[in-house]
**Student:** 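Submitted below is the structure of interest, expressed as structure tokens.
Residue numbers run from 1 in the order of the sequence given.
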Amino acid sequence: MLSTTRLLRGNSPSQKLFQFNGKLKAYTAVCTSVQHRANSYVIFNSAEGRSRMSQSTWGREDYSSQAAPARKATEKPLQVLAPVAPQHEEILTSDALEFIKKLHMNFEPQRQELLSSRTKTQREINEGRRKLDFLESTRHIREDKSWRVGPLPKPMLKRRVEITGPVDRKMVINALNSNADCYMADFEDSTAPTWNNQLSGQWNLKAAIRKQIDFKASNGKEYKLKPEVATLLVRPRGWHLDEKHCSVDGSRLSGSLFDFGLYFYHNANQLLSNGLGPYFYLPKLQSHLEARLWNDVFIFAQEQLGIPRGTIKATVLIETIPAAFEMDEILFELKEHSAGLNAGRWDYIFSCIKTFQQAHPITGQPGKEFCFPDRSQITMNTPFMRAYSLSLVKTCHQRGAPAIGGMSALIPIKNDPEANEKAMKGIRDDKSRDVQDGFDGSWVAHPGLVPLALEEFTKVMDSAENQITKQRPDVSVTRDDLLNFSVEDWNISEKGLRHNIHVGIEYLAGWLVGKGCIPIFNLMEDAATAEISRSQVWQQIHSSKGVLEDGRKITADLVQQIVKEELTAWKASGAAEKLPYEKAALIFTQLAVAPKLEDFLTMPLYETF
């Protein structure tokens, strides 16, 4: 903890004083908001169906949330409303806090407008006033085959295997040492966003980029970086998430801008010195307008640090079904900053449940007939998942962008050779399908899976860096294809229901103590798979098709009975003494039986920290 009398001074030409108030346990940052130059926009000529673009000004259709015009100077303070550990002082420096305040002042209004638009869209779908479809207003972007994303830097050309995981010190070292092409360091779904976790993650990545990171485990084992490590990409939190420990004039900061801003401010120039760059993954986007906001943030951030425009590269996770209808548009909005798209399969399944919670997917008519079967039946070969993944490959390659496959939840299984072999076959099949479909790379969740995944990609690609030249003219995906939720041998079993309840509660119990990814039943579960578990239970309670194979309707009473039985088993095993299962069960039950489906599990959970 900083002394209550200590003052931190930065080197900024604007206001430099950051005073720590011991009573409030907060930094107060007094600075002047930067004047932001509005971007130039080119309005499309719809008659020509083509855009007029140049290297300095990318064409895009006009919209009300375009980059903020210059804002008036403000003396409103940025406050850090939590204690700061000594090692984290080098992250929350005065200049870094000033930088993230500028991001907040310039882009928070647009973020709030876009979040309001999400709510309005969902309400219209629920009420039968909107059908999900390709946008007529952006048809010219999709039909103009001439445009491409900006050129990719060398580290972004070869991404055959990407390992993903949280940003704790041991994971950072192991992932960078894993021999994967890339490591996606995750501040989102696989990290429980406690104040300490988020700041420790920033501290760990800063040290790793400078090759100054090591770790000694409790058993004495030491971890250090190899000379050659994976290329680092960072996933900040989604637009919907706040950072409640920082505020300006009582308004919370965006978790997205907090994570992005601190990482970019501290590391962009060092990464360039290392021959790399600031590379990102962008989660949970629901429209191309949300991609446009990220692009405006990138332009602004690069200008502030004097870094050439286009240096930032970002891969967008297509993990919401609205975004699947706007893949061309998302690439277009990020063009000079785009590093392709990723098929985020688990959140995508959750998004389908959420989007059509009260409406028929095809007709758009209000109702609650739509219902998924057991989670185990929803595979990448299910029609809607197949259509979405093939469409992603075709769209990316047509625009000169990488297409990255998603992650199987399977992980190595110790002490059970037969089960492990079955799991490894599942991984092989998953990666083999991805590479044959044309994906340029794919995700794994464990260092032990890197050689296996690499082997499958090498079989097809040999020494090629990517498969962008594989254009897939044979693929033609329609609205009905993306919304074809038919499943062969559709079935809801009691085992499947119990599995969802068990996984949901166990994950929540871990999350409440700061763990963002947890192995359960030999699968790596994170917030995305937990979202499927709780939303499926909600859907099965509320849908007329939520009926077990033995004819019993899934009800709130049945779910509560199973929750009680699971809790009894955890108590009998002694597990309940180690994790807060009762609290987790209460939260899970409230979410599952509530009349309204909560948008994101992590939003109410975050308030428990």
**Student:** Enter the distance from Tyr223:OH to Met171:CE here, rounded to the nearest 0.5 Å.
**Tutor:** 12.0 Å
**Student:** Quick one: does Asn381's side chain get under 4.5 Å of Arg433's, heavy atoms only?
**Tutor:** yes
**Student:** Counting distance only, does the side-chain N/O of Asn484 pair as donor-acceptor with the main-chain N or O of Asp481 below 3.5 Å?
**Tutor:** no
**Student:** Step through the shown structure and confirm whether more than 12 heavy atoms of other residues, nucleotides or ligands are within 6.0 Å of NZ on Lys495.
**Tutor:** no
**Student:** Would you say the side chains of Thr191 and Asn197 form a donor-acceptor pair under 3.5 Å?
**Tutor:** no
**Student:** Please step through side chain to side chain donor-acceptor pair (under 3.5 Å) for the pair Ser543 and Lys368, ending with a clear verdict.
**Tutor:** CA-CA 5 Å; Ser543 172; Lys368 296 183 178 179; over 6 Å; no
**Student:** Within this structure, what is the CG-CD distance for the pair Asp259 and Glu188, rounded to the nearest 0.5 Å?
**Tutor:** 9.5 Å
**Student:** Take the angle between the ring planes of Trp195 and His245 and call it parallel below 30°, perpendicular above 60°, tilted in between.
**Tutor:** tilted
**Student:** Looking at Trp443 versus Tyr281, is the centre-to-centre ring distance below 6.0 Å?
**Tutor:** yes
**Student:** Any heavy-atom pair between the side chains of Phe260 and Arg237 that's under 4.5 Å?
**Tutor:** no
**Student:** Kindly say whether His288 contributes a backbone atom to a donor-acceptor pair with the side chain of Glu326 at under 3.5 angstrom?
**Tutor:** yes
**Student:** Can you tell me how far CZ of Phe372 sits from OG of Ser535, rounded to the nearest 0.5 angstrom?
**Tutor:** 9.0 Å
**Student:** Under 4.5 Å between any side-chain heavy atoms of Leu115 and Arg118, yes or no?
**Tutor:** yes
**Student:** Between the side chains of Gln561 and Glu565, does any donor sit under 3.5 Å from an acceptor?
**Tutor:** yes
**Student:** Could you tell me whether Lys120 and Glu124 have a side-chain N and a carboxylate O separated by less than 4.0 Å?
**Tutor:** yes
**Student:** Whether Lys244 engages the ring of Tyr606 as a cation-pi pair (distance to the six-membered ring centre under 6.0 angstrom, angle to the ring normal within 45°) should be assessed.
**Tutor:** yes
**Student:** Contact between Val444 and Lys431 at the side-chain level, heavy atoms closer than 4.5 Å - yes or no?
**Tutor:** yes
**Student:** Between Val537 and Leu497, is there a side-chain heavy-atom distance shorter than 4.5 Å?
**Tutor:** yes
**Student:** Should Trp570 and Ile505 count as side-chain neighbours, where that means a heavy-atom distance under 4.5 Å?
**Tutor:** yes
**Student:** Between Asp374 and Ser493, do the side chains contain an N or O donor and an N or O acceptor separated by less than 3.5 Å?
**Tutor:** yes
**Student:** Between His502 and Glu566, does any side-chain donor sit less than 3.5 Å from a side-chain acceptor?
**Tutor:** yes
**Student:** Compute the centroid of each ring, for Phe600 and then for His240, and state whether the two points are separated by less than 6.0 Å.
**Tutor:** yes
**Student:** Let me confirm one number: the CE-CG distance from Met424 to Leu410, rounded to the nearest 0.5 Å.
**Tutor:** 7.0 Å
**Student:** May I ask you to decide if Leu605's main-chain N or O and Thr608's side chain share a donor-acceptor pair within less than 3.5 Å?
**Tutor:** yes
**Student:** State the CD1-CD1 distance between Ile321 and Ile349, to the nearest 0.5 angstrom.
**Tutor:** 11.0 Å
**Student:** Run Arg159 and Thr315 through side chain to side chain donor-acceptor pair (under 3.5 Å) and show every step you take.
**Tutor:** CA-CA 12 Å; Arg159 301 168 62 183; Thr315 305; 3.0 Å; yes
**Student:** Can you tell me if Gln122 and Asn126 form a side-chain donor-acceptor pair at under 3.5 Å?
**Tutor:** yes
**Student:** Give a yes or no on whether Glu127 atom CD has more than 12 heavy-atom contacts from other residues, nucleotides or ligands under 6.0 Å away.
**Tutor:** yes
**Student:** Is there a side-chain contact between Phe521 and Glu506 in this structure, where contact means two heavy atoms from C-beta onward sitting under 4.5 Å apart?
**Tutor:** no
**Student:** Please confirm whether the backbone N or O of Gln286 pairs with a side-chain atom of Glu290, one donor and one acceptor, at under 3.5 Å?
**Tutor:** yes
**Student:** Do Phe457 and Phe439 have ring centroids that are under 6.0 Å from one another?
**Tutor:** no
**Student:** Is the ring pair Phe609/Trp511 parallel, tilted or perpendicular, if the boundaries are 30 and 60 degrees?
**Tutor:** parallel
**Student:** Got a donor-acceptor contact below 3.5 angstrom from the Lys553 side chain to the Gln540 backbone?
**Tutor:** yes
**Student:** Can you check whether Ala528's main-chain N or O pairs, donor with acceptor, with Asp347's side chain at less than 3.5 Å?
**Tutor:** no
**Student:** Quick check: does any side chain N or O of Asp440 sit under 3.5 Å from a backbone N or O of Pro402, one acting as donor and the other as acceptor?
**Tutor:** no
**Student:** Checking Gln436 against Ser432: is there a side-chain donor and acceptor pair closer than 3.5 Å?
**Tutor:** yes
**Student:** Give the C-alpha distance, both sets of side-chain angles, the deciding distance and a yes or no for side chain to side chain donor-acceptor pair (under 3.5 Å) between Thr164 and Asp186.
**Tutor:** CA-CA 7 Å; Thr164 75; Asp186 190 16; over 6 Å; no
**Student:** Tell me, with the steps shown, if Gln198 and Gln202 meet side chain to side chain donor-acceptor pair (under 3.5 Å).
**Tutor:** CA-CA 6 Å; Gln198 298 303 108; Gln202 296 282 352; over 6 Å; no
